[in-house]
Amino acid sequence: DYDIARKLLERKFHRGGKKLLGLWNKNPGDEWEFVELKNMSHRQVADLMKTSTFLVNLNSTEGFNVTVPEAMAAGCVPLCYEAYGGMDYLQDGHNAYVFPNNYVFPLLNKLFDLVENYDGLQDQLGRLRENAHKTALEYTESEMEKALVRFFTTLIT
């Protein structure tokens, strides 16, 4: 999925400057920029998310891995797979754009639509960002501990 997405994104968007499969930046008057999350510290990625519009996460085994809630907390809209466990936190169109595993073409089509219609989608994206931020706030160490205790207590009994 990564190679397919990278090739299609490079065709759709400019080839100059930084490239990435991950975050999409848009500043007024600027072009969309495709930035790959490689060779960056956690802090650098977190800072980049604060100035980015979309996170594309193609992880099909961890649907709610650290990048997704981090993006949600930063106001960066995630497009990702449901993977395993992601649907415990993710609701398509409510707090993220969520796709079945390996549905890379529908995910990219949604991204292209969001980019092309970005100016007209501000209300919708604003609501999604608010819901995503609320979701990210629920994803805490103490809540994870409670969920793990519930899971393993049920499993043991």
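Position 1 is the first residue of the sequence, and the numbers go up from there.
- The minimum heavy-atom distance between Arg129 and Gly75, with the atom names listed, is NE-O, 3.0 Å.
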Begin from the C-alpha positions of Phe99 and Phe105 and carry the test side chain to side chain contact (heavy atoms under 4.5 Å, CB included) through to its verdict.
CA-CA 10 Å; Phe99 299 85; Phe105 295 110; over 6 Å; no

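- For the atom pair CG (Leu108) and CG (Asp113), the distance works out to 12.5 Å, reported to the nearest 0.5 Å.
- Atom CD of Glu70 sits about 5.5 Å away from atom CE of Met49, to the nearest 0.5 Å.
- Looking at heavy atoms from C-beta onward, Lys50 lies in side-chain contact with Asp47 at the 4.5 angstrom threshold.
- Between the side chains of Asp1 and Tyr81, at least one donor N or O sits under 3.5 Å from an acceptor N or O.
- Between Leu128 and Tyr97 there is a side-chain heavy-atom pair separated by less than 4.5 Å.
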Run Asn109 and Leu111 through side chain to side chain contact (heavy atoms under 4.5 Å, CB included) and show every step you take.
CA-CA 5 Å; Asn109 285 336; Leu111 175 65; over 6 Å; no

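- Here the shortest heavy-atom pairing between Ala136 and Pro69 reads CB-O, 3.6 Å.
- Inter-residue side-chain proximity for Lys110 and Leu107 is flagged as unmet; no heavy-atom pair is nearer than 4.5 Å.
- Looking at heavy atoms from C-beta onward, Val115 lies out of side-chain contact with Thr53 at the 4.5 angstrom threshold.
- Atoms NE2 and CG, from His42 and Leu37 in turn, are 11.0 Å apart once rounded to the nearest 0.5 Å.
- Here the shortest heavy-atom pairing between Ala73 and His133 reads O-CD2, 3.2 Å.
- A heavy-atom distance below 4.5 Å is not found between the side chains of Val68 and Tyr89.
- Looking at Leu137 and Thr135, their side chains never come closer than 4.5 Å, going by heavy atoms from C-beta outward.
- With respect to Arg127 and Asp123, no salt bridge is recorded, no charged nitrogen being found less than 4.0 Å from a carboxylate O.
- Atom NZ of residue Lys134 and atom NE2 of residue His94 lie 7.5 Å apart, to the nearest 0.5 angstrom.
- Residues Glu82 and Leu90 have side chains not in contact (no heavy-atom distance under 4.5 Å, counting atoms from C-beta outward).
- Atom-to-atom distance recorded for Cys80:SG and Asp92:CG is 9.0 Å, nearest 0.5 angstrom.
- Counting heavy atoms from C-beta on, the side chains of Leu79 and Leu114 come closer than 4.5 Å.
- Within 6.0 Å of CD on Gln122 lie more than 12 heavy atoms contributed by other residues, nucleotides or ligands.
- The OG1 atom of Thr153 sits 9.5 Å away from the CG atom of Leu155 when rounded to the nearest 0.5 Å.
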